[in-house]
Amino acid sequence: MLPEGEIKTRLDEVRGRLAEALRRAGRAADSCRLVLASKTQPPAAVAAAYRAGAREFGENYVQEGIVKRAELTALADITWHLIGHLQRNKARAAVATFDLIQTLDSTRLATALAQQQRNPPRALIEVNLGSEGSKRGVAPDAAEALLEAVRNELAVVGLMTIPPPASQPAAARPYFAGLRLLRDRLAAATGLRLSELSMGMTEDFEIAAEEGATIVRVGRAVFGERKG
Ligand SMILES: *Cc1c(COP(=O)(O)O)cnc(C)c1O
């Protein structure tokens, strides 16, 4: 992991760039949260970011999240997000570990999640705007049916997307704008608020913030390049 001081410096820089992007877009400074994507990082790196003020972390694998959460129970007020694909057989562990499941993509997964506790878990629907076969998430034209099917089981509070890989960060802008339009359309059709838009990573989080992201998920810009 990077030295603690460097994690703090990088975090401060990302915060500054996010604040500047929000300002450019005429948005309030507190209208977009920074979730640190901590996959492959040791608990010590999460703790370093925590001491520098970070309170929200995203993990891709349930097991890795369980281990880190358990090692870091001394750190109060952390919000844990699941940002990687979730299999139904891990639903119980996921609900016990994560405060927000960002990758809901099927009615069967929603049912498995809802069975685990009395309060409906909070979730975002992952939308695949690039419609590549390899990508997770539901197609945009299937999102409304999924939302209607699961709205009584889960608290769906918004949408998440990962745009197709591109050589230029600007190539992501239409996808971010598209997720926001889809959100507006779904909110109007269902009467649900869908206030969260989770989009933007290290290469393009400023563009996502300009396009209305309420959550950006940033890993490498804070923690450095991942090994392997
Ligand atoms: C790893 C990951 C991120 C962060 O990616 P960086 O390029 O390291 O900022 C964001 N979202 C998801 C779903 C990820 O898997």
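Atoms within a ligand are numbered from 1 in the order they appear, just like the ligands themselves. Residues: numbered from 1 along the sequence shown.
The pair Glu211-Arg180 does not meet the salt-bridge criterion, since no charged nitrogen lies less than 4.0 angstrom from a carboxylate oxygen. Using a 4.0 Å cut-off between charged nitrogen and carboxylate oxygen, Glu20 and Arg23 count as a salt-bridge pair.
Within the 4.0 Å heavy-atom criterion, neither part of Glu203 lies near ligand 1.
Of the N or O atoms in Gly219, one or more lie within a sub-3.5 Å distance of an N or O in ligand 1.
In terms of protein heavy atoms, atom 12 (C) of ligand 1 is closest to Ile83 CD1, 3.6 Å. Remark: minimum distance from atom 4 (C) of ligand 1 to any protein heavy atom is reached at Ala37 CB, 3.5 Å. For atom 6 (P) of ligand 1, the nearest non-hydrogen atom of the protein is Thr202 OG1, 3.4 Å. Counting only heavy atoms of the protein, atom 11 (N) of ligand 1 lies nearest to Arg217 NE, 2.9 Å. The protein heavy atom nearest to atom 10 (C) of ligand 1 is Met201 SD, 3.1 Å. The shortest contact between atom 14 (C) of ligand 1 and any protein heavy atom is with Lys39 NZ, 2.9 Å.
Between the Lys39 side chain and the Ile83 main chain, no donor and acceptor come within less than 3.5 Å of each other. Checked by atom type and distance alone, the side chain of Arg183 pairs as donor or acceptor with a backbone atom of Leu194 at under 3.5 Å.
A donor-acceptor pair shorter than 3.5 Å can be found between the side chains of Glu153 and Thr111. Under 3.5 Å, the side chains of Thr214 and Arg33 contain no donor-acceptor pair of N or O atoms.
Counting non-hydrogen atoms of other residues, nucleotides and ligands closer than 6.0 Å to CZ of Arg108 gives a total of 12 or fewer.
Every heavy atom of Gln102 sits 4.0 Å or more from the atoms of ligand 1.
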